[in-house]
Amino acid sequence: MGWETRSRGGRYYTRSRREGGRVVREYVGTGLIAELAAAQDAAERAERRAKREALRSRGDDDDEAEAAVDDLCRVTGVLVRASLVLGRLSPARQRGMEEAS
Amino acid sequence: MTESKALAKGSSKDNPGRELDALFTRANEGDRRATEKLRQAFDRNPGLWDVVGDVAYQAEASTVSMLAGRNEVVEDAIRRKLKGLKQELAGESPSPLERLLVDRVAACWLLLAHAENKYAEVMKERSVSFDLSEYHQRRCDRAQRRYLAAIKALAQVRRLLVPMVQVNIAERQHIAQVVAPTT
């Protein structure tokens, strides 16, 4: 896709698209219509590029969230162990329950 | 690091993780002195639950912020979804520990959903490097292991901390375990 120049002067805008496995070029126009179409295509390309970059980046936000959740898992792990040891359930009862189940 | 924070993270100043692990192991084997030492450590640190609450709040805030960015509508929707999930998991009259473990399950669930979503988006791209694909796959695997461990911890606490029933018959005590209802 892009701007083409006629042999006798003047520019026109075309777009390329896939049709049945082939690339087909279609005429869009000249003047204001062509300029608007070109601007829209450029905006869409920029958006796709930004999205690809975002997916490819290893976001700091992701790492921060993962670290915070890891902290929560570690802390709750300590509390679970403490509750099992210091709570109503003694090791003997734990073993008795495991045998019964 | 305050003692509460160190205790919460399972570490001490000199032997990160090892001292507390050793105490838990000995207490589990029936060592009463180790049990008493643990009890004193937790009694001395009533601020422990505040620390834990902070950690839970940070985990949720970080995951919601990661997903929603600056979009307040999306952030509101995520928080509502989390609230519903936590209410469903917690049930009626959860203990403070159960509430905390429910927070953990919810945070892990959110992180897993995000990791899987991002992996799916990456794989839709026409040209994806093997390195990037592996990175997101490993992130998904970690998130899934974390999520399953969180569910297991909640189930374990609910199963093992069920109240005992003691019945006295003719000067003999019969102790029966009340079996927790399975759902």
Side-chain angles (χ1 to χ4, degrees), chain A residues 1 15-24 41 44-101, chain B residues 7-10 20 23-24 27-30 34-35 38-39 41-42 48-49 51-52 55-56 58-67 69 97 100-101 103-104 107-108 110-111 114-115 118 121-122 125 128-129 132 135-136 139 142-143 146 149-150 153 156-157 159-164 177:
Chain A
M1 69 178 80
R15 274 183 181 143
S16 299
R17 57 182 170 81
R18 281 193 181 276
E19 195 177 275
R22 298 182 307 133
V23 174
V24 171
D41 288 347
E44 283 173 6
R45 277 195 302 273
E47 194 183 331
R48 283 196 300 269
R49 195 165 39 242
K51 194 180 169 188
R52 274 197 305 273
E53 284 304 313
L55 285 177
R56 283 178 189 147
S57 71
R58 299 179 184 190
D60 289 339
D61 283 353
D62 290 6
D63 291 340
E64 192 182 312
E66 212 172 317
V69 174
D70 275 342
D71 273 349
L72 177 61
C73 292
R74 195 164 30 250
V75 161
T76 50
V78 168
L79 285 177
V80 166
R81 293 177 79 185
S83 295
L84 292 176
V85 167
L86 301 176
R88 292 183 212 121
L89 198 65
S90 68
R93 283 187 192 173
Q94 281 186 57
R95 281 194 294 275
M97 278 185 60
E98 280 163 15
E99 283 163 18
S101 64
Chain B
L7 201 61
K9 291 187 183 237
L20 205 58
L23 276 177
F24 277 127
N28 268 330
E29 289 166 358
T35 305
L38 275 171
R39 197 186 306 280
F42 280 89
L48 179 62
W49 286 100
V51 170
V52 169
V55 173
Q58 281 304 320
E60 182 168 313
S62 293
T63 43
V64 170
S65 165
M66 174 188 68
L67 278 164
L97 181 57
L100 197 62
L101 291 174
D103 284 349
R104 175 181 167 182
C108 290
L110 200 58
L111 207 60
H114 173 68
K118 204 153 185 185
E121 280 185 33
V122 163
E125 290 291 303
V128 178
S129 69
L132 186 65
Y135 167 78
H136 282 287
R139 193 180 271 275
R142 279 200 305 274
R146 210 183 275 119
Q156 190 178 32
V157 161
R159 191 172 68 85
L160 295 178
L161 290 181
V162 171
M164 304 288 290
Q177 176 71 34

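Lettering follows sequence order; numbering is per chain, from 1.
A pairwise comparison of heavy atoms in S62(B) and A65(A) identifies CB-CA, 3.7 Å as the closest pair. R146(B) and D70(A) get closest at one heavy-atom pair: NE-OD1, 2.7 Å. Of all heavy-atom pairs between L79(A) and L100(B), the closest is CD1-CD2, 3.4 Å.
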M66(B) and E66(A): side chain to side chain contact (heavy atoms under 4.5 Å, CB included), yes or no, with the steps? CA-CA 10 Å; M66(B) 174 188 68; E66(A) 212 172 317; over 6 Å; no
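The OG1 atom of T63(B) sits 11.0 Å away from the CG atom of D62(A) when rounded to the nearest 0.5 Å.
Partners of Q58(B) according to the side-chain hydrogen bond (donor to acceptor under 3.5 Å, both in side chains) rule, which considers only residues two or more places apart in sequence or in another chain, do not exist here. Not counting sequence neighbours, R18(A) has no partner by the side-chain hydrogen bond (donor to acceptor under 3.5 Å, both in side chains) test.
Taking 4.5 Å as the limit, some side-chain heavy atom of C108(B) sits within range of a side-chain heavy atom of V69(A).
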